[in-house]
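In this chain, numbering begins with 1 at the start of the sequence shown. Below, all heavy atoms of this structure are taken into account, side chains as well, without hydrogens, waters or symmetry copies.
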Amino acid sequence: MNALDNRAARNHVNRMCLAADIPLIESGTAGYLGQVAVIKKGVTECYECQPKPTQKTFPGCTIRNTPSEPIHCIVWAKYLYNQLFGEEDADQEVSPDTADPEAAWEPAETAARAGASNEDGDIKRVSTKTWAKSTGYDPVKLFNKLFNDDIKYLLTMDKLWKKRKAPVPLDWNEVQKLEESSDLQVESSTAGLKDQQVLDIKSCSQLFARSVETLRAQLCEKGDGAELVWDKDDPPAMDFVTSASNLRMHIFSMNMKSRFDVKSMAGNIIPAIATTNAVIAGLIVLEGLKILSGNIEQCKTIFLNKQPNPRKKLLVPCALDPPNANCYVCASRPEVTVKLNVHQTLVLSLQDKILKEKFGMVAPDVQIEDGKGTILISSEEGETQGNNSKCLSEFGIRHGSQLQADDFLQDYTLLVNVLHCEDLGKDVEFEVVGDTPDKPIEKTTEEPAKSITNGSDDGAQPSTSKAQDQDDVLIVDSDEEPSSSSTDVNMEGPNPKRKLEEGDESVPTKRMRTDPPAAQEEDDDIIALD
């Protein structure tokens, strides 16, 4: 029984259940919406048979130099947490990006104009964690470096601010002289809820200092070389991200957010509603009873809507769909075609970005189908590490080559067909071509439909969004419920939409329903559970 809050974990459990041939009850909620589906190897679609919404990412230069939305500042604060206390990642740098193509400045002039304080942390080309350790994680020095010196450095990139409002640096001593606001901004009538309050600048700076000291103590307890892992349910971690992101929002003239909103966006979650979770939990148990009694053919995919449809139903059951023959996870012979430049793509990129990140493998072993069984990547530590910095072409891989990727931990084998291409788009390292689950499916509705999974949408908004105003779109059901693939729920708003099955282009998206007999109409709001 599955109710996880991120796609990677759902993918992994899906593959584990397929490998063990154990039925899986997949479920999720998003505000007032919910969904329960049964997955059985060879009988129904697996979790990865249908496309999922692409997770939203942001350009590094936007995060580091020119944030324009609160989410940019929240992502920056999460990166900062990892740079200071967690595992350093070169792709999560937080210092000003001097390679920003929009910036126009002279390095010599910049050094003279930055005016960064040697006492409170000069701008140096060292890692953030190294610099922080050298200061003993001093909260005041960290504050002045991140919110004063770095901002002054950004201001020297003149071209960035010709069409944007320039950021305003913050100095610790000046901030402490400010009077605390007596009337905290509150998002709703629940003025007593601490997490709903929007703190002022002075309060944010003090919260930042306290959280840094707490996290520094946690790091010291773990010993040298230890790392902390960011968790939205860890109070000091959330205090740090809330305070750091709000300080940056203020610097870049944005409306600051409450801890509640920051947690919603930082954790990629939609705040849960207890009654929705209770209904979905009950449906999970009922589907589980069918499986345990040997009646899996009676299982349904069930959608929970925000309001009754014209047939007076909040719960809409749909028949289970058969497996997608082109699924690269549950097909009898999983196979994908990847377009890339074999002269530029490194073995490490194949391993991390394609096999692990794109196709969800954990510890892939890759051999070239060249008749010799050449091992390209091994999951054994250090065995093929020397290959990581080499291009694929150095191993004889060319247009039409085939690679066999095996993941022992998932009991999963994937055949990768390589297509060489030298004219991929800008900043595009590879493309997956052909009929794979990530390929968009044509829809008759204008908005893309999405399956409900907590945390699967990086752009998920907190409960204070305007989604609640969009209540006028309803599912229109025929007397006979369609299969689950023809019904889906849009996570970006509570407007459930019906998707037509392929080939039914002549059928309108909304149909008139013939009036049923009186006795049947009285029972329209009851779902028979066998």
Side-chain angles (χ1 to χ4, degrees), residues 2-5 10 25-37 50 52-53 187-190 196 260-261 263-265 267-287 300-319 443-479 481-500 509-511 513 521 523-527 529:
N2 215 13
L4 295 165
D5 65 353
R10 290 176 185 269
I25 302 177
E26 176 64 51
S27 66
T29 62
Y32 293 100
L33 306 176
Q35 175 180 328
V36 176
Q50 294 299 330
K52 302 293 184 294
E187 294 192 350
S188 65
S189 59
T190 56
Q196 297 280 346
F260 179 79
D261 278 350
K263 183 175 182 178
S264 298
M265 290 185 275
N268 301 324
I269 60 173
I270 298 175
I273 295 175
T275 49
T276 305
N277 289 349
V279 171
I280 294 301
L283 292 172
I284 292 171
V285 172
L286 291 171
E287 295 303 301
K300 304 286 185 183
T301 293
I302 304 176
F303 296 92
L304 172 63
N305 299 327
K306 186 175 180 180
Q307 56 184 218
N309 63 16
R311 297 183 64 196
K312 304 177 184 178
K313 288 186 178 181
L314 278 174
L315 296 173
V316 181
C318 303
K443 302 179 179 67
T444 56
T445 55
E446 294 181 1
E447 298 179 9
K450 299 180 180 179
S451 296
I452 289 185
T453 55
N454 287 343
S456 65
D457 189 351
D458 281 353
Q461 297 297 317
S463 59
T464 53
S465 66
K466 298 180 180 178
Q468 296 179 356
D469 299 332
Q470 304 171 358
D471 297 336
D472 56 341
V473 182
L474 304 173
I475 290 182
V476 179
D477 296 289
S478 64
D479 287 337
E481 299 297 350
S483 62
S484 59
S485 66
S486 61
T487 305
D488 220 333
V489 183
N490 192 330
M491 278 190 62
E492 294 182 346
N495 341 351
K497 299 291 184 70
R498 166 79 67 220
K499 295 193 296 184
L500 295 179
T509 55
K510 293 190 176 182
R511 302 189 290 268
R513 177 174 60 87
E521 188 169 8
D523 293 334
D524 272 350
D525 58 345
I526 300 175
I527 297 178
L529 299 171

Is there side-chain contact between Leu315 and Val279, with at least one heavy-atom pair below 4.5 Å?
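Counting from C-beta outward, Leu315 and Val279 do come under 4.5 Å.
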
Spell out, as yes or no, whether a donor-acceptor pair under 3.5 Å connects the side chain of Ser27 to the backbone of Gln35.
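A pair under 3.5 Å: no.
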
Using only atom types and a distance under 3.5 Å, with no angle test, would you say the side chain of Thr301 pairs donor to acceptor with the backbone of Cys318?
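Absent.
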
For residues Lys300 and Glu287, report the shortest heavy-atom separation together with the two atoms involved.
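For Lys300 versus Glu287, the nearest heavy atoms are N-OE1, 3.0 Å.
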
Rounded to the nearest 0.5 Å, what separation is found between the [atom1] atom of [X] and the [atom2] atom of [Y]?
X      : Y      : atom1 : atom2 : value
Lys306 : Leu314 : NZ    : CG    : 12.0 Å
Ile284 : Ile302 : CD1   : CD1   : 10.5 Å
Leu304 : Asn277 : CG    : CG    : 10.0 Å

